[in-house]
Amino acid sequence: MRGDIGGRVEVLITQEEIERRVRELADEISADYRDRCPLLVGILKGSTLFLADLVRALEIPHEVDFISISSYGSGQRSSGVVRLLKDLDCDITGRDVLIVEDIVDTGLTLHYIRQNLETRGPRSIKVAALLDKQERREVDVAVEYVGFVIPDRFVVGYGLDYAELYRELPHIAVMGPDEEAAAGAAER
Ligand code: IMP
């Protein structure tokens, strides 16, 4: 059954809650960037569903580009050592850049991306993240637009995966304890 992860799924954030919050974020972003044409930078692959809904709710002109990175994890922790798999297609000099991320966990990945893009001379850089696991933060990184602050649980759906599965779920779900333990070891 769709949304049923081996019978052990728990919906943390419903489809309706996501739709409402994404519209609110889009309104806030549209107001903050009025008279501008920001470049939205989606971090592949987790941000794709969030980005797709966000851009359709924006009321300002904007462009979209993507960046893809691979994190080298060490055991249960994100190491912050990152390899660039796909760079931006465009030059961001003088641009207003809005990084669009699925989830900020330790913050190490976002910290790397923010610093990397900062060296390219943009006019401004901000971050929109659908989910924020604040209690796991290891590095201080600014996240200007946050959808939901969530507890320290491994979540899937709405773009987020476990071993490339479950990205298509329309809601955010928490996995069962067995899968969560396995995901923690594999993904972080
Ligand atoms: P950070 O560097 O620890 O902040 O890791 C952020 C990345 O880890 C995200 O972009 C996700 O790809 C992945 N991640 C962290 N927590 C989860 C989760 O609960 N579910 C799925 N992916 C996660």
Side-chain angles (χ1 to χ4, degrees), residues 3 5-6 8-14 17-18 21-22 25 40-54 65-88 97-118 125-188:
I5 302 167
R8 294 174 294 272
V9 69
E10 177 196 327
V11 176
L12 186 66
I13 306 170
T14 66
E17 288 169 328
I18 294 171
R21 188 70 188 118
V22 171
L25 289 175
L40 273 65
V41 172
I43 314 294
L44 294 172
K45 305 175 197 169
S47 71
T48 49
L49 273 66
F50 175 39
L51 181 72
D53 286 341
L54 187 66
D65 202 345
F66 291 96
I67 199 166
S68 179
I69 51 122
S70 159
S71 272
Y72 295 105
S74 55
Q76 301 241 344
R77 296 261 166 232
S78 171
S79 66
V81 181
V82 167
R83 187 163 56 107
L84 204 56
L85 299 179
K86 184 220 166 286
D87 203 349
L88 295 174
V97 173
L98 180 63
I99 299 170
V100 180
E101 177 63 304
D102 54 356
I103 184 166
V104 186
D105 187 19
T106 63
L108 290 166
T109 306
L110 187 59
H111 183 68
Y112 169 85
I113 293 171
R114 253 195 114 120
Q115 281 200 325
N116 181 301
L117 298 187
E118 203 72 70
I125 295 191
K126 288 188 183 179
V127 175
L130 180 72
L131 305 175
D132 186 354
K133 280 191 207 170
Q134 266 174 11
E135 62 189 87
R136 277 181 47 86
R137 198 73 92 254
E138 290 181 13
V139 61
D140 195 19
V141 60
V143 185
E144 285 80 2
Y145 305 97
V146 175
F148 303 91
V149 174
I150 62 164
D152 181 13
R153 304 289 306 274
F154 195 87
V155 292
V156 293
Y158 198 63
L160 288 106
D161 74 308
Y162 165 52
E164 293 300 327
L165 294 172
Y166 313 121
R167 292 191 197 276
E168 76 282 8
L169 299 181
H171 48 255
I172 299 290
V174 176
M175 306 210 322
D178 294 348
E179 292 81 0
E180 195 168 20
E187 301 284 325
R188 292 175 193 173

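Both ligands and their constituent atoms are indexed starting at 1 by order of listing.
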Tell me whether Leu110 reaches ligand 1 (any heavy atom closer than 4.0 angstrom to a ligand atom).
no
Under a 4.0 Å threshold between the charged nitrogen and the carboxylate oxygen, would Glu135 count as salt-bridged to Arg153?
no
Quick check on Lys133 - does any of its heavy atoms sit under 4.0 Å from an atom of ligand 1?
yes
State the atoms of ligand 1, each with its element, that fall below the 4.0 Å cut-off from a heavy-atom position in Glu101.
10 (O)
Taking a cutoff of less than 4.0 Å between a non-hydrogen atom of the residue and any ligand atom, is Gly46 in contact with ligand 1?
no
Using the ring of each side chain (for Trp, its six-membered ring), is Phe50 parallel, tilted or perpendicular to Tyr158, with breaks at 30° and 60°?
tilted
Short side-chain to backbone donor-acceptor contact, Lys126 and Val143, under 3.5 Å
no
As a test of understanding, state which of Val41, Ile125, Val127, Leu40 forms a side-chain contact (heavy atoms from CB on, under 4.5 Å) with Leu98.
Leu40
Tell me, please: is Asp161 in heavy-atom contact with ligand 1, that is, under 4.0 Å?
yes
Does an N or O from Val104, backbone or side chain, lie closer than 3.5 Å to an N or O of ligand 1?
no
Is a salt bridge present between Arg137 and Asp105, judged by a nitrogen-to-oxygen distance below 4.0 Å?
no
Out of all atoms in ligand 1, which are within 4.0 Å of some heavy atom of Arg153? Include the element for each.
19 (O)
Look at atom 6 (C) of ligand 1 and find which of Ile103, Val156, Leu160 reaches it with the closest heavy atom.
Ile103
Output yes when a side-chain donor or acceptor of Arg21 lies under 3.5 Å from a complementary backbone atom of Gly147, and no otherwise.
yes
